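These numbers were taken from a predicted model, which means no experiment stands behind them. Keep in mind that the numbers below use all heavy atoms, side chains included, and drop hydrogens, waters and symmetry copies. When a ligand or atom number is given, it counts from 1 through the structure's own listing order.
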Amino acid sequence: MPRPAELVVSYRKIIMYYRIIDNDIKVCLSVPSFSEDLFDLTNRNRKHLKEWLPWLDTIMRPEDTKAFIELQLQRFSRQEAIHQTIFYKTEIAGVLGFNKIDNTNKIGHLGYWLGKDFTGNGIMTKCVKDLIELGFEEVELQRIDIRCAVGNMKSRAIPERLSFENEGIIKRAEKVYNKYNDHVIYGLIK
Ligand SMILES: CC(C)(COP(=O)(O)OP(=O)(O)OC[C@H]1O[C@@H](n2cnc3c(N)ncnc32)[C@H](O)[C@@H]1OP(=O)(O)O)[C@@H](O)C(=O)NCCC(=O)NCCS
């Protein structure tokens, strides 16, 4: 079995990759063939995800997930973003990636979500740890940025477990349906 880092030879040339996280968890660059299963997971978890994520009303059909993945692949080819799907055993469990790569300043903005049934087992912490390695080693970032709503303690626990620094709060950073959330900024420097 190749080491995970060896699977991404050069992220600028790659069209598909996967990384082995452990015996049960694998992450793959998101491709359109994942659309139906990823949409199903999203659809089953609307209530869980709507608490903190603002985009649920834009994903109403499998075609919406497919269009989103296609857009992310275009952005990947321009080195603007990386969107990965998480597999737990044979099932799609969630996603994570760099929502935005700032190539001028070598900063990756990292985001994630899991279906509720897959939470509580350390899956996301392990996947974020791997994405940090990919970001610093393959994408050559010098900083990784995670922003969490102040009240989203499950999300905040991930950068805190992985030794990110809490750099402070920005107020009214994001509209989530009918209210604006303040964000905590977490930073990790290479
Ligand atoms: C944010 C989110 C991904 C966190 O999920 P999570 O399951 O708590 O995170 P992890 O997969 O890293 O699991 C951590 C949990 O597993 C436990 N765990 C078990 N084994 C572990 C291991 N080897 N390593 C780390 N944690 C482990 C931890 O104790 C923790 O449980 P606890 O919260 O009861 O203490 C999830 O709550 C979610 O998708 N929320 C909705 C969307 C969202 O908020 N996205 C983020 C926006 S900023």
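- For atom 23 (N) of ligand 1, the nearest protein heavy atom (residue, atom name, distance) is Lys126 CE, 3.8 Å.
- In this model, a donor atom of one side chain and an acceptor atom of the other lie less than 3.5 Å apart for Thr85 and Ser30.
- Geometrically, ligand 1 and Leu53 share no nitrogen or oxygen pair separated by less than 3.5 Å.
- Judged by the 6.0 Å distance and 45° axis criteria, Lys50 is positioned over the aromatic ring of Tyr177.
- Residue contacts with ligand 1: Gly120 is included, with a non-hydrogen atom under 4.0 Å away.
- Given atom 20 (N) of ligand 1, the protein heavy atom at minimum distance is Asn121 O, 3.5 Å.
- For atom 33 (O) of ligand 1, the nearest non-hydrogen atom of the protein is Lys154 NZ, 2.7 Å.
- The two residues Phe136 and Gln142 have their closest heavy-atom pair at CE2-C, 3.9 Å.
- Few gaps surround CG on Asp57; more than 12 heavy atoms of other groups in view lie less than 6.0 Å from it.
- Close approach to Trp113 involves these atoms of ligand 1, each under 4.0 Å from a residue heavy atom: 39 (O), 42 (C).
- Protein heavy atom nearest atom 12 (O) of ligand 1, with residue, atom name and distance: Thr125 OG1, 2.4 Å.
- No hydrogens or angles considered: nothing links the side chains of Tyr18 and Gln84 as a donor-acceptor pair under 3.5 Å.
- At least one heavy atom of Arg161 lies less than 4.0 angstrom from ligand 1.
- Looking only at protein heavy atoms, the nearest one to atom 36 (C) of ligand 1 is Thr119 CG2, 4.0 Å.
- Contact annotation for Trp52 and ligand 1: only side-chain heavy atoms (C-beta onward) come within less than 4.0 Å of the ligand.
- Exactly one of Tyr112, Phe68, Phe76, Phe98 qualifies for a ring-ring contact (aromatic ring centres under 6.0 Å, His included) with His83. That residue is Phe68.
- When only modelled atom types and interatomic distance are considered, Lys47 and Asn45 share no side-chain donor-acceptor pair under 3.5 Å.
- Between Cys148 and ligand 1, no N or O atom pair is found at a separation short of 3.5 Å.
- The proximity of Ile158 to ligand 1, defined as any non-hydrogen pair under 4.0 Å, is limited to the side chain.
- Remark: minimum distance from atom 39 (O) of ligand 1 to any protein heavy atom is reached at Leu114 N, 2.8 Å.
- Side-chain atoms of Asp40 and Asn43 include no donor-acceptor pair closer than 3.5 Å.
- Protein heavy atom closest to atom 48 (S) of ligand 1, with residue, atom name and distance, is Ser155 OG, 3.3 Å.
- For Phe87 and Phe118, the distance between ring centers is not under 6.0 angstrom.
- In the candidate list Val184, Asn181, Asn152, Asn152 is nearest to atom 43 (C) of ligand 1, counting heavy atoms.
- Scanning the protein heavy atoms around atom 18 (N) of ligand 1, the nearest turns out to be Gly122 N, 3.5 Å.
- Within a 6.0 Å radius of CD in Glu36, no more than 12 heavy atoms belonging to other residues, nucleotides or ligands are found.
- Here the closest non-hydrogen pair linking Leu114 and Leu49 is O-CD2, 4.0 Å.
- Neither the backbone nor the side chain of Ile146 comes within contact range of ligand 1; no heavy atom lies under 4.0 Å.
- Counting heavy atoms under 4.0 Å from ligand 1, residue Arg147 touches it through the backbone alone.
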